[in-house]
Amino acid sequence: MKLSLGRDELVGYVKHIIDAHVPDGAPVDVGRAVDVALERLERCFSRIALGGYRDDRGRATFDHLHGDQFATFVYFVANSAWAEFGDDRLAKKATLLNRSRHALLVMYDTILPDVFVIPHTVGTVIGKGEYGNYAVFCQNVTIANDLTTFLTVGEGVVFFPGVFVVGNGSIGAASVITSNSTVSYADIPPNTMVRGMSPQLELWPRKRDFLCRYFTPPYPGWEQD
């Protein structure tokens, strides 16, 4: 993967900004989590079609000054610190960094898929659930649970801006939740367009390929499109 900073420079940069955002004087060891995060980032970015995520040869690229890319990287740092090394302090601090710097809230123990994209992070909250690959989370999306139940999301689901989803329903693969819709405790079939507010949702078959904006094929539904 092509990096805008060398590995050691990146480690120093991450440590510096975490210390600046959470200046409690408690040291953090970010190197191990950064290494794992970079591996996960390469796997994710190599499938993203948006400009700046891959070079002309199709190689994944990571620019630490690209806000959306850096937010994804910080999530991977937080989740890797928690899942791989049991470092709750770093995990919490990295989560706070994403919240304050990118207006993105994804808890460090929320499991996002290997391949996803957040085109604009501002105002987005992604709660715990089961998420399939090729998920798209646009700005001001909220995915919530009721503390006891969680959402199940198939592969290739697009959440357009302003979407609010809550409860233990399911969203089938290659479905699209259109802007400003509210989906509450609903089960959405695969390949479905969704509009409106629960319980009066409008559902119709998805006929356009929306994922081509965000990912390189193959992805769910691309052959039929």
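The model shown is predicted, which means the values in this text are computed figures rather than measured ones.
Between Lys92 and Asp88, no side-chain nitrogen of the basic residue sits less than 4.0 Å from a carboxylate oxygen of the acidic one, so the salt-bridge criterion is not met. A salt bridge is defined here as a Lys NZ or Arg NE, NH1 or NH2 lying under 4.0 Å from an Asp or Glu carboxylate O, and Lys2 with Asp63 fails to meet this definition.
No single ILVMFWY cluster, assembled from side-chain heavy atoms under 4.5 Å apart, contains both Val165 and Phe150. One hydrophobic cluster holds both Leu5 and Leu41 under the rule that ILVMFWY side chains link at heavy-atom gaps under 4.5 Å. Val163 and Met197 fall into different hydrophobic clusters, where Ile, Leu, Val, Met, Phe, Trp and Tyr are joined by side-chain heavy atoms under 4.5 Å apart, directly or via other members. Both Trp204 and Val176 belong to a common hydrophobic cluster when Ile, Leu, Val, Met, Phe, Trp and Tyr are linked at side-chain heavy-atom distances under 4.5 angstrom. No continuous path of hydrophobic side-chain contacts links Ile126 to Phe164 [ILVMFWY only; heavy atoms under 4.5 Å].
Side-chain atoms of Leu65 and Ser4, non-hydrogen and from C-beta on, never get closer than 4.5 Å to each other. Within the 4.5 Å cutoff, the side chain of Thr192 has heavy atoms near those of the Ser175 side chain. Proximity of Lys128 to Leu151: side-chain heavy atoms (C-beta onward) are nowhere separated by under 4.5 Å. Counting only heavy atoms from C-beta outward, the side chains of Leu201 and Ile188 approach each other to under 4.5 Å. At a threshold of 4.5 Å between non-hydrogen side-chain atoms, the residues Pro218 and Arg47 count as touching. Between Met107 and Thr110, the closest side-chain pair of non-hydrogen atoms falls below 4.5 Å.
Of the inter-residue distances, the one linking Ser100 atom OG with Leu105 atom CG reads 11.0 Å to the nearest 0.5 angstrom. A distance of 8.0 Å separates SG in Cys44 from OH in Tyr53, rounded to the nearest 0.5 Å. Interatomic distance, Asn168 CG to Tyr185 OH, rounded to the nearest 0.5 Å: 6.5 Å. The distance from atom CG of Asn98 to atom CG of Leu104, rounded to the nearest 0.5 Å, is 5.0 Å. The CE atom of Met193 lies 8.5 Å from the CZ atom of Arg195; values are rounded to the nearest 0.5 Å. Interatomic distance, CG of Leu112 versus OG1 of Thr72, reported as 9.0 Å (0.5 Å rounding).
Shown are Lys15, His21, His16; of these, the side-chain hydrogen bond (donor to acceptor under 3.5 Å, both in side chains) with Asp19 is made only by Lys15. Phe76 pairs with exactly one of Phe116, Phe45, Trp82 by the ring-ring contact (aromatic ring centres under 6.0 Å, His included) rule, that one being Phe116. Each of Glu39, Arg43, Glu42, Arg59 was compared with Met1 under the side-chain contact (heavy atoms from CB on, under 4.5 Å) criterion, and only Glu42 meets it.
Geometric assessment of Arg32 against the ring of Phe85 yields a positive cation-pi assignment under the 6.0 Å and 45° thresholds. Cation-pi geometry between Arg208 and Phe210 is satisfied (NZ or CZ under 6.0 Å from the ring centre, within 45° of the ring normal).
The ring-ring contact (aromatic ring centres under 6.0 Å, His included) test applied to Phe73 returns Phe62, Phe70, not counting sequence neighbours. By the ring-ring contact (aromatic ring centres under 6.0 Å, His included) test, Tyr214 pairs with no residue at all, sequence neighbours left out. With sequence neighbours excluded, no residue forms a salt bridge (Lys or Arg N to Asp or Glu O under 4.0 Å) with Asp29.
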Show the numbers, then the answer: is there a side-chain contact (heavy atoms from CB on, under 4.5 Å) between His120 and Asp68?
CA-CA 6 Å; His120 303 290; Asp68 298 334; 4.0 Å; yes
Could you walk me through whether Thr124 and Thr142 pass side-chain contact (heavy atoms from CB on, under 4.5 Å), step by step?
CA-CA 6 Å; Thr124 290; Thr142 298; over 6 Å; no
One pair to check against side-chain contact (heavy atoms from CB on, under 4.5 Å): Ser80 and Arg40. What are the steps and the verdict?
CA-CA 9 Å; Ser80 299; Arg40 297 174 67 181; 2.9 Å; yes
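Looking at Tyr219 and Asp209, their side chains do bring a donor and an acceptor atom within 3.5 Å of each other. With 3.5 Å as the limit, one finds a donor-acceptor pair spanning the side chains of Ser170 and Asp187.
Side-chain rings of Phe137 and Tyr131 approach one another, their centers coming within less than 6.0 Å.
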